[in-house]
Amino acid sequence: MGVDVLLGLQWGDEGKGKIIDKVCKDYQVVCRFQGGPNAGHTLYAADQKIVLHTIPSAILHEGIDNLIGNGVVIDPVTFEKETDKLKGLGYEIAHKLIIARKAHLILPSHQLLDIASEQSKGLNKIGSTLKGIGPTYMDKTGRNGLRVGDLELAGFDKKYQVLKEKHLDLARIYPEVEYDLEKAEEKWFASLENLRAFRKVDVEYYIDQALREGRNVLAEGAQGSMLDIDFGTYPYVTSSNTISAGVCTGVGVPPGKIGKVIGITKAYCTRVGGGPFPTELFDETGDQLRKAGHEFGSTTGRPRRCGWIDLVQLNYSIMINGVNELIMTKIDVLNDFDTIRACDSYLDGQGEKTKTIPFDLDHSGYQPQYLSFPGWGTSLHEAQTFDQLPGAARHYIESLENLLRRKFSLISVGVGRDEVIER
Ligand code: GDP
Ligand code: IMO
Ligand code: MG
């Protein structure tokens, strides 16, 4: 029995939330292992839209423990908004939401630093969600951070003040930004009561015990593989390991206990924030994708950059994660396109063809080379099985399977929990 992993293969927003909500019935524990409120995972239950930032996407179901791992960074204010929203919708969550004591806390002054750092970068800004993610992980690796478990120990307020003062000293290197720290702190301290009420565990022991009891565990990725701090399009990345390796350090699982790795991709590609995106479309086709796919950020509402699927990029993500199984989402968004394209190589500045992600992707004017596929020009809503999909849609999917050398086990054709074709 191992820990299965479900994660995004692109630049985030692949539809992880919707798919976890669908597949979690096979698991008794679902855990987040990295990231924080920069994530926005959308679920639809009975036509009700719910966007989760910190809480795992199995929270609507009974009989599943939802675990926030040590690799996650938690903003108590966002967390309280999420728990209030779920409670307001009638979901009882206290008995099934569990938090790792070793998860780090995002302080208001981390957000202040995030805003100041981004602002100072000018045109080179990352496009951060400004939730304080980078500064919090910096304090974690810098060995200055405050953890959820510290809330239970004496001297928390003192530790908080010391860290805040350090942040204020640091902030002086940046031009001043507008941020009402006092007000943010008031909200932050008030929200700790909510956080304190949830069950805390030493997550490594919890997972070990769960596996020994034969419980099925699923790790839920946030962001996407191309936003990984080591293997993403650095420096336009997030500050955690979003890839499958992050599960080991993010919930305390030994590598040998990682089970299946399931990778999700959209039928096309999006990115929000700065950084390289070889297949990005700046024309009407890009606008059509954004409109048809409602491609606006779940956390910030920013318009997402849109383009064709990139198989060079996907093969890289499959390699680095050890993906065994694929899931495709949002193929219905392509219903009205006459021609659909997929990039299978890049030409570098000298006209040389490459199928690997170059170190200098950001600088050297790599040109994506495309394969073309005919569109199907019809809705997919009637299709219950793979065979009922239009021939052109099947051809697109099977061609990608050949090029990625992996099968799509699920194909998502709409926002609803059951708008999924299983194979
Ligand atoms: P996540 O961050 O990976 O969980 O993805 P987001 O929730 O940020 O963005 C995915 C968006 O696509 C959400 O608005 C989902 O409701 C929507 N979505 C997911 N799967 C499908 C699908 O198959 N078709 C369509 N049209 N929308 C989908
Ligand atoms: P989910 O889990 C898409 C992007 C930001 C920015 C960069 C760094 O919903 O897929 P950060 O706030 O981490 O400092 O931002 O990463 N980013 C995401 N893009 N989906 C996400 O999460 C993202 N989380 C961060 O836009 O470019
Ligand atoms: Mg998202």
Side-chain angles (χ1 to χ4, degrees), residues 6-22 32 34-45 48-54 56-57 72-73 75 106 110-111 113-115 117-118 121 125-138 220-229 232-240 242 263-277 289 291-305 327-335 379-381 410-421:
L6 200 149
L7 46 70
L9 297 178
Q10 298 169 308
W11 279 278
D13 305 324
E14 295 88 351
K16 299 174 290 290
K18 178 214 150 135
I19 296 295
I20 301 261
D21 177 54
K22 172 70 185 171
R32 279 276 307 270
Q34 47 69 231
N38 48 351
H41 296 179
T42 315
L43 325 177
Y44 278 86
Q48 178 76 47
K49 179 177 173 180
I50 300 169
V51 181
L52 299 170
H53 303 286
T54 326
S57 299
V72 176
V73 290
D75 169 21
I106 302 177
H110 282 130
Q111 286 175 26
L113 283 175
D114 211 2
I115 296 167
S117 158
E118 269 289 79
K121 287 192 162 103
K125 69 176 185 194
I126 308 293
S128 167
T129 60
L130 305 179
K131 302 291 178 190
I133 304 293
T136 306
Y137 279 114
M138 279 165 72
E220 168 178 357
Q223 291 77 57
S225 305
M226 299 310 287
L227 290 170
D228 181 87
I229 183 72
T233 45
Y234 193 90
Y236 299 96
V237 293
T238 190
S239 299
S240 63
T242 60
I264 306 190
T265 171
K266 282 178 185 170
Y268 50 99
C269 192
T270 64
R271 168 162 210 174
V272 58
F277 179 3
L289 281 172
K291 204 163 162 222
H294 304 287
E295 294 296 357
F296 296 88
S298 310
T299 298
T300 59
R302 291 176 290 177
R304 294 178 183 147
R305 300 156 63 190
I327 292 176
M328 179 186 283
T329 57
K330 305 193 87 161
I331 188 167
D332 54 298
V333 173
L334 301 179
N335 286 350
S379 161
L380 304 180
H381 282 291
L410 286 183
I411 295 145
S412 173
V413 295
V415 295
R417 189 182 273 167
D418 294 317
E419 289 177 289
V420 166
I421 292 172

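Numbering of ligands and ligand atoms starts at 1, following listing order. Values below: every heavy atom of this structure, side chains too, minus hydrogens, waters and symmetry copies.
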State, without any angle test, whether Arg271 and Thr233 hold a side-chain donor-acceptor pair at a distance under 3.5 Å.
-> yes
Is there side-chain contact between Met226 and Thr242, with at least one heavy-atom pair below 4.5 Å?
-> no
Looking at side-chain heavy atoms only, is the closest gap between Arg417 and Lys18 below 4.5 Å?
-> no
No-hydrogen, no-angle side-chain donor-acceptor test under 3.5 Å, Ser379 and Asp332 | no
Identify all pairs of nitrogen or oxygen atoms, one from ligand 2 and one from the protein, separated by less than 3.5 Å, and list them with distances.
residue	atom	partner	partner atom	Å
ligand 2	2 (O)	His41	NE2	2.7
ligand 2	2 (O)	Gln223	N	2.8
ligand 2	9 (O)	Asp13	OD1	3.0
ligand 2	9 (O)	Gly40	N	2.9
ligand 2	9 (O)	Gly40	O	3.1
ligand 2	10 (O)	Asp13	N	2.8
ligand 2	10 (O)	Asp13	OD1	3.4
ligand 2	10 (O)	Lys16	NZ	2.7
ligand 2	12 (O)	Ser128	OG	3.3
ligand 2	12 (O)	Thr129	N	2.9
ligand 2	12 (O)	Thr129	OG1	2.5
ligand 2	13 (O)	Asn38	ND2	2.9
ligand 2	13 (O)	Thr238	OG1	2.6
ligand 2	14 (O)	Ser128	OG	2.9
ligand 2	20 (N)	Asp13	OD1	3.1
ligand 2	20 (N)	Asp13	OD2	3.4
ligand 2	24 (N)	Gln223	NE2	3.2
ligand 2	26 (O)	Gly127	O	3.3
ligand 2	26 (O)	Val272	O	3.0
ligand 2	26 (O)	Arg302	NH2	3.0
ligand 2	27 (O)	Ile126	O	3.4
ligand 2	27 (O)	Val272	O	3.1

Determine, stepwise, if the pair Glu295 / Lys330 fulfils salt bridge (Lys or Arg N to Asp or Glu O under 4.0 Å).
-> CA-CA 11 Å; Glu295 294 296 357; Lys330 305 193 87 161; 3.0 Å; yes
Output all residues satisfying ring pair (Phe, Tyr, Trp, His ring centres under 6.0 Å) with His110, sequence neighbours left out; order by chain, then residue number.
-> His167
What short N/O contacts, under 3.5 Å, does ligand 1 make with the protein, listed by atom pair and distance?
residue	atom	partner	partner atom	Å
ligand 1	2 (O)	Asp13	OD1	3.4
ligand 1	2 (O)	Gly40	O	2.8
ligand 1	3 (O)	Glu14	N	3.1
ligand 1	3 (O)	Gly15	N	2.8
ligand 1	3 (O)	Lys16	N	2.7
ligand 1	3 (O)	Lys16	NZ	2.9
ligand 1	4 (O)	Lys16	N	3.3
ligand 1	4 (O)	Gly17	N	2.9
ligand 1	5 (O)	Gly15	N	3.3
ligand 1	7 (O)	Thr42	N	2.9
ligand 1	7 (O)	Thr42	OG1	2.5
ligand 1	8 (O)	Asp13	OD1	3.0
ligand 1	8 (O)	Gly40	O	2.8
ligand 1	8 (O)	Ser298	OG	2.7
ligand 1	8 (O)	Arg304	NH2	3.2
ligand 1	12 (O)	Lys330	NZ	2.9
ligand 1	23 (O)	Lys330	N	2.9
ligand 1	23 (O)	Ser412	O	3.1
ligand 1	23 (O)	Ser412	OG	2.5
ligand 1	23 (O)	Gly414	N	3.1
ligand 1	23 (O)	Gly414	O	3.3
ligand 1	24 (N)	Asp332	OD1	2.8
ligand 1	24 (N)	Asp332	OD2	3.4
ligand 1	24 (N)	Gly414	N	3.4
ligand 1	26 (N)	Asp332	OD2	2.7

Result of checking Val73, Thr299, Asp75 against Lys131 for side chain to side chain contact (heavy atoms under 4.5 Å, CB included) = Thr299
For the Mg ion (ligand 3), which protein N/O/S atoms are closer than 2.8 Å?
-> Asp13 OD1, Gly40 O
Kindly indicate, with the supporting measurements, whether the criterion salt bridge (Lys or Arg N to Asp or Glu O under 4.0 Å) is fulfilled by Arg304 and Asp13.
-> CA-CA 10 Å; Arg304 294 178 183 147; Asp13 305 324; 3.0 Å; yes
pair Ile264-Leu9: side-chain heavy atoms closer than 4.5 Å | no
Just wondering, do Asp228 and Val237 contact through their side chains at under 4.5 Å, heavy atoms?
-> no
Going by atom types only, do Glu14 and Thr265 share a side-chain donor-acceptor pair under 3.5 Å?
-> no
Short side-chain to backbone donor-acceptor contact, Lys22 and Gly17, under 3.5 Å = no
